[in-house]
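Heads up: the structure comes next, in structure tokens.
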Amino acid sequence: MRRRLKQGFALGLAPWILALTASAPLLIIHPFKGALDRGSILSIAGLVLAIVAVTVGLVAVLAQHLAETYARSLLDALFKQSTWRTASIAEGVGVVALVGLALWRPDLTAGLVATIVLVAALFASWTALRQLLRQFDPLGLIKLEKEVAIDRLQGKTEKANAALQPSQAILSLIVRAAAKGDTEVVAAGMAAWNTILERYMSTTSIVWYDEYLYWLYPRCEELIEQHAKESVGLILPSIVEGVTALGVTTAGQRNTLNANFDEGTFLFIEALKNVVRLAGLAKRSPAGQMAAKGATDIGMACLTTGKFAVLQAPIDALTQIGKATTTSAIDVSGRAGIGLANLVLQLAQVRTFDVMCRADAEEAVGALCQIVAQPGTGLGTAHYLVAQLSDVSLPLLVQVLARAEDMDDGTPARRRRWDSLASTMADLCLRIADDPNVDQFVRSNALDAAGGIVLALLSVEHRESILEIVQRICAWATDLTLTNKGREGKVCS
């Protein structure tokens, strides 16, 4: 930002440097000696003075508008980070110089110099006002406050206050834009908060009850609660995207004091759960689905940084969301189920000695079983798990879990600890196919998925636990074919 200030200062002085460069040789050489009415030069000085008045007047109007509409701290940007002061001072000096020139030597050369000064004043004021109109719209103000925060965080000032003051100014811009339905400004404001948080966490060791995190969290909650009532389909999705980004940022940072300490992730997960509670049933808004996907994204960030203990929070949130919305908002429940399945897929492919990795996978698998067991989930999570060409199909889940490698060398080769999770997923497929309360189309897909599980397991290294799963599925399919169970359930003909 300091570089921008220097550039703005240079841009404000540029026309005057050119004017001085052109005028000085004229005054020295004095090429035009014809007489000129002194009043002509004074009139040009008056025009320059009028330009100064117009520039200062427009700045005063803008200052009043900023003070009445947004946080007063934004006035600092107006008075310290624009070129209008440089232009006005230079124009004032030009007026004095023209008056002195008119009194000293009112001739044609002085008239030419006065014209050059007038052109320089017009160009300088036009440049300054153009900068004001571009820089001091809401998007420009957000960018300025973000740069102020980053500059302060690079210094030796108290970090929380350095981040708080610009963030408060950005909040006023977000609130004002949300009242007008300006999603672009809302999204830009939330993105600026995220950038400030990234820099803040990279320069600060986070401890309990961090001042900046506990300022961001209630602000996000307040915005969510307000717009879940006022603008659930327009503004709330932009806020949910911003909260998700904040959560991903906190989840993506490892605390140098304790890698498993991440209070920010827990806070923003709570905010996303609140979105589902307030707006999960809104038919015209994707906010509930976005919140479930946001919890998944935060979980993926925890997984990427190896924070398996912190990953418990996103898994728990997805479990609660999925179970609470199986009948009321099946699309939200399905999104939560997809998120849990994706986390299982990624956990099964991680090579680590951390015991929490398998614990997380076990919890996510159990959560999928609980969600599917809820009434009304037939076209939600169950559908996505058995649908053909699904990215989180049960055959894929079972195969990946069966191929997961234990880091414990003492595990017998005939049976691995991850095999129990593969068995649970296989049993879930059979349960979906047997459940008469599930949609017939989904049950039919579950039959195909059961066959897919067998084929998937045949490509895995043969061992006792895997063969047991294959035998159990084959026995189930045989029983379904030879008895009336399939006909009564309308699954096979």
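Numbers for residues simply follow the sequence, beginning at 1. Note that the structure is a prediction, hence the values are computed from the model and not measured.
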How long is the span from the [atom1] atom in [X] to the [atom2] atom in [Y], to the nearest 0.5 Å?
{"X": "Thr325", "Y": "Gln289", "atom1": "OG1", "atom2": "CD", "answer": "10.0 Å"}
{"X": "Thr296", "Y": "Leu340", "atom1": "OG1", "atom2": "CG", "answer": "7.0 Å"}
{"X": "Leu311", "Y": "Asp262", "atom1": "CG", "atom2": "CG", "answer": "11.0 Å"}
{"X": "Leu153", "Y": "Met201", "atom1": "CG", "atom2": "CE", "answer": "12.5 Å"}
{"X": "Tyr217", "Y": "Thr250", "atom1": "OH", "atom2": "OG1", "answer": "13.0 Å"}
{"X": "Arg403", "Y": "Ile466", "atom1": "CZ", "atom2": "CD1", "answer": "10.5 Å"}

Practice problem: Might you confirm whether atom CG of Asp137 has over 12 heavy atoms from other residues, nucleotides or ligands at distances under 6.0 Å? | Solution: yes
Quiz item: In this structure, are over 12 heavy atoms from other groups packed under 6.0 Å from Glu184 atom CD?
Solution: no
Checking the side chain of [X] only, and the main-chain atoms of [Y] only, is there a donor and an acceptor separated by less than 3.5 Å?
{"X": "Arg335", "Y": "Met290", "answer": "no"}
{"X": "Thr326", "Y": "Gly322", "answer": "no"}
{"X": "Thr381", "Y": "Ser333", "answer": "yes"}
{"X": "Glu241", "Y": "Pro237", "answer": "no"}
{"X": "Lys323", "Y": "Gln374", "answer": "no"}
{"X": "Lys307", "Y": "Gln253", "answer": "yes"}
{"X": "Thr424", "Y": "Ser420", "answer": "yes"}
{"X": "Ser231", "Y": "His227", "answer": "no"}
{"X": "Asp435", "Y": "Arg431", "answer": "no"}
{"X": "Arg254", "Y": "Thr305", "answer": "yes"}

Quiz item: If you measure from the Lys or Arg side-chain nitrogens to the Asp or Glu carboxylate oxygens, is any gap between Lys293 and Asp297 under 4.0 Å?
Solution: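 Looking at Lys293 and Asp297, the cut-off is met.
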Quiz item: Below 4.0 angstrom, N of the basic side chain to O of the carboxylate: do Arg358 and Glu362 qualify?
Solution: yes
Quiz item: Does the side-chain hydrogen bond (donor to acceptor under 3.5 Å, both in side chains) test come out yes or no for Gln320 and Asp316, once each step is laid out?
Solution: CA-CA 6 Å; Gln320 294 181 35; Asp316 181 63; 2.6 Å; yes
Would you say [Y] and [X] are linked by a side-chain donor-acceptor pair, where the criterion is simply a distance under 3.5 Å?
{"X": "Thr204", "Y": "Tyr212", "value": "no"}
{"X": "Asn161", "Y": "Gln165", "value": "no"}
{"X": "Tyr214", "Y": "Glu263", "value": "yes"}
{"X": "Gln399", "Y": "Ser459", "value": "yes"}
{"X": "Arg472", "Y": "Ser423", "value": "yes"}

Below 4.5 Å, heavy atoms only, C-beta onward: do [X] and [Y] meet side chain to side chain?
{"X": "Thr319", "Y": "Gln370", "value": "yes"}
{"X": "Leu216", "Y": "Tyr200", "value": "no"}
{"X": "Arg176", "Y": "Leu173", "value": "no"}
{"X": "Val240", "Y": "Val243", "value": "no"}
{"X": "Asp360", "Y": "Leu303", "value": "no"}
{"X": "Ile298", "Y": "Leu272", "value": "yes"}
{"X": "Val185", "Y": "Lys180", "value": "no"}
{"X": "Leu197", "Y": "Leu213", "value": "yes"}

Measure across [X] and [Y] and return the closest heavy-atom pair with its distance rounded to 0.1 Å.
{"X": "Ala271", "Y": "Glu221", "answer": "CA-OE2, 3.7 Å"}
{"X": "Val148", "Y": "Pro166", "answer": "CG1-CG, 4.1 Å"}
{"X": "Val232", "Y": "Ala279", "answer": "CG2-CB, 3.6 Å"}
{"X": "Ile469", "Y": "Asp419", "answer": "CD1-O, 4.2 Å"}
{"X": "Leu236", "Y": "Ala287", "answer": "CD2-CB, 3.6 Å"}
{"X": "Gly337", "Y": "Leu368", "answer": "O-CD2, 3.5 Å"}

Quiz prompt | With Pro395, the side chain to side chain contact (heavy atoms under 4.5 Å, CB included) member among Leu385, Asp448, Ile453, Val400 | solution = Ile453
Quiz item: Any idea how Phe441 and His383 line up, ring-wise: parallel (<30°), tilted (30 to 60°), or perpendicular (>60°)?
Solution: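 Answer is tilted, since the angle falls between 30° and 60°.
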Quiz item: Is there a side-chain contact (heavy atoms from CB on, under 4.5 Å) between Ile196 and Ile170 once you walk through the steps?
Solution: CA-CA 11 Å; Ile196 295 171; Ile170 292 173; 3.9 Å; yes
Quiz item: Given the rule in the side-chain contact (heavy atoms from CB on, under 4.5 Å) test, do Leu428 and Met425 qualify, once you have shown the distances and angles that lead to the verdict?
Solution: CA-CA 5 Å; Leu428 179 61; Met425 288 285 93; 3.8 Å; yes
Quiz prompt | Criterion side-chain contact (heavy atoms from CB on, under 4.5 Å) on Asn274 and Arg277, from CA distance to verdict | solution = CA-CA 5 Å; Asn274 198 27; Arg277 181 178 65 83; 2.5 Å; yes
Quiz item: Between Phe268 and Thr249, is a side-chain contact (heavy atoms from CB on, under 4.5 Å) present by the stated rule, with each step listed?
Solution: CA-CA 10 Å; Phe268 295 120; Thr249 295; over 6 Å; no
